[in-house]
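Comments concern the structure below.
We use all heavy atoms of the structure for the numbers below, so side chains are in, but hydrogens, waters and symmetry mates are not. Chain naming here is simple, since letters A, B, ... match the order of the sequence lines and numbering starts at 1 in each.
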Number of protein chains: 2
Amino acid sequence: MKTSEKRADIMQAALELIAAQGFHRTPMAEIAGKAGVGAGTIYRYFESKDVLIKELYRGLEEKMRATILEGYPVERPLRERFLYLIRELLRYLITNPLHFRYMEQYFNSPYGISTHRERLLGKSGNQDILMDIFEQGIEQRVLKELPKAVLSSLAFGPLIFLLRDHILGLVILEDSLIKQTTEACWDAIKR
Amino acid sequence: MKTSEKRADIMQAALELIAAQGFHRTPMAEIAGKAGVGAGTIYRYFESKDVLIKELYRGLEEKMRATILEGYPVERPLRERFLYLIRELLRYLITNPLHFRYMEQYFNSPYGISTHRERLLGKSGNQDILMDIFEQGIEQRVLKELPKAVLSSLAFGPLIFLLRDHILGLVILEDSLIKQTTEACWDAIKR
DNA sequence: TGTTGAGGAATGAATGTTCATTCCTCAGGC
DNA sequence: GCCTGAGGAATGAACATTCATTCCTCAACA
């Protein structure tokens with residue numbers, strides 16, 4: 001088995017176990033077992049559990065960002081771009097529930113807070129595009145004149161809550177429901 | 001010191017420590033220390049850490065429910081009742097940030113999931129009133145015809161996200177912003 | 001009123017468990 | 001025979017929980 005495969009196996013095992021059990025209910029030994037490597041081997045690829053967790057997160061986020069941005073309609077009007085982004089976000093996370101569970105945990109932990117803070121204050125990432133949309137929308141008087149943190153909450157909050165319910169089987173997000181929901185988010189932020 | 005005081009001291013210490021550090025970063029010994037009791041004493045009042053955590057949650061929820069429902073305008077129109085509820089929820093949690101931090105953690109843990117499931121499927125609690133509002137709203141054709149889980153996400157998601165940002169100091173929720181935000185939530189669910 | 005001692009409450013050191021991380025050993029390629 | 005990378009047993013720290021012991025309260029009695 002090649003080095004690169006082993007590394008990927010460890011990350012995949014960590015993703016599956018942590019998504020299901022959470023960070024602190026997932027011992028390194030179990031990750032090693034699932035990845036088919038020795039416990040010590042993980043430390044050849046990752047300095048610590050913390051580093052593994054963070055690197056995994058960055059990988060997932062980057063993959064999501066790339067997927068969503070693939071068909072982003074740069075030239076279309078604001079509303080359409082907004083709806084595209086949150087629809088695709090929803091679709092991506094429905095398709096990849098493990099990613100959602102993992103990222104959710106990451107977000108709800110000390111790890112995620114600094115990331116979030118940076119994002120709202122403006123750094124790299126896919127949410128920046130959202131931030132741009134918000135800024136343009138306010139300027140063009142299409143959106144309500146609210147702080148970006150508020151617009152962001154109005155747009156993302158419902159998505160995350162809904163994904164949670166979808167994964168718990170409390171609601172089934174099929175296409176028509178996705179459409180209605182994303183439009184409701186638009187109603188919340190539009191002027 | 002009376003028995004009842006000691007019990008309350010333990011709960012208060014647990015609330016403060018867990019809100020700040022999380023469940024698994026808060027050893028029983030630290031709770032005992034902060035409460036000014038011996039480590040073993042906690043077990044005279046609570047069967048286990050789990051029981052302490054659950055009982056604390058139930059207490060907080062009940063207190064919040066009672067506070068919010070105090071001035072609930074039963075007789076007013078749907079929109080007004082909805083705005084009242086989510087405004088007061090926001091206010092309560094802004095006033096009691098420790099309660100928010102604690103409940104948020106509880107919610108994002110295995111503990112909270114069953115509670116949430118029951119709620120959406122209809123059991124006791126303050127959210128039931130929201131559920132009633134949703135049902136009436138759909139019937140009266142005032143609200144969008146969406147599953148309750150979706151309406152609930154549209155109403156609560158933004159609040160929770162915003163509270164998080166408020167507590168992190170990323171936004172300051174003063175009265176006018178609260179008003180605008182709750183009205184934006186209404187825009188999201190109204191037909 | 002002062003004394004005593006029984007019963008309940010509180011204590012915190014000791015225990016057992018669960019991990020992250022380290023480190024020694026070894027197999028396989030050169 | 002050496003070197004690299006892998007393995008997994010060993011280690012030590014962190015914690016929940018237990019339990020033998022101490023402390024406190026107060027009723028009963030002198």
**Item:** Distance flag, aromatic centroids of A/H24 and B/F23, threshold under 6.0 Å
**Value:** no
Please give, in whole Å, the distance from [N] [atom2] to [X] [atom1]?
{"X": "B/Y45", "N": "D/dA16", "atom1": "OH", "atom2": "C1'", "answer": "19 Å"}
{"X": "A/I31", "N": "C/dT21", "atom1": "CD1", "atom2": "P", "answer": "11 Å"}
{"X": "B/D50", "N": "D/dC15", "atom1": "CG", "atom2": "P", "answer": "16 Å"}
{"X": "A/F46", "N": "C/dT22", "atom1": "CZ", "atom2": "P", "answer": "16 Å"}
{"X": "B/Y43", "N": "C/dG12", "atom1": "OH", "atom2": "P", "answer": "15 Å"}
{"X": "A/K49", "N": "D/dA13", "atom1": "NZ", "atom2": "P", "answer": "19 Å"}
{"X": "B/R44", "N": "D/dA16", "atom1": "CZ", "atom2": "C1'", "answer": "18 Å"}
{"X": "B/H24", "N": "D/dA13", "atom1": "NE2", "atom2": "P", "answer": "21 Å"}

**Request:** Could you check A/R25 against B/A39 and say which one's nearest nucleotide on DNA chain C is further toward the 5' end?
**Result:** B/A39
**Asked** Side chains of A/N108 and B/R164: do they bring a donor and an acceptor to under 3.5 Å?
**Response** yes
**Item:** Proximity to the side chain of A/M28 - top-ranked nucleotide from D/dA16, C/dA10, C/dT21
**Value:** C/dT21
**Message:** Does a side-chain N or O of B/K6 approach OP1 or OP2 of C/dA9 to a distance below 4.0 Å, or not?
**Reply:** no
**Message:** Do A/R81 and A/Y84 form a cation-pi contact, if we require the NZ or CZ to be under 6.0 Å from the six-membered ring centre and within 45 degrees of the ring's axis?
**Reply:** no
**Message:** I'd like to know if A/I53 and A/F107 are part of one continuous hydrophobic network [Ile/Leu/Val/Met/Phe/Trp/Tyr, side-chain heavy atoms within less than 4.5 Å].
**Reply:**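 The answer is no; the residues belong to distinct hydrophobic clusters.
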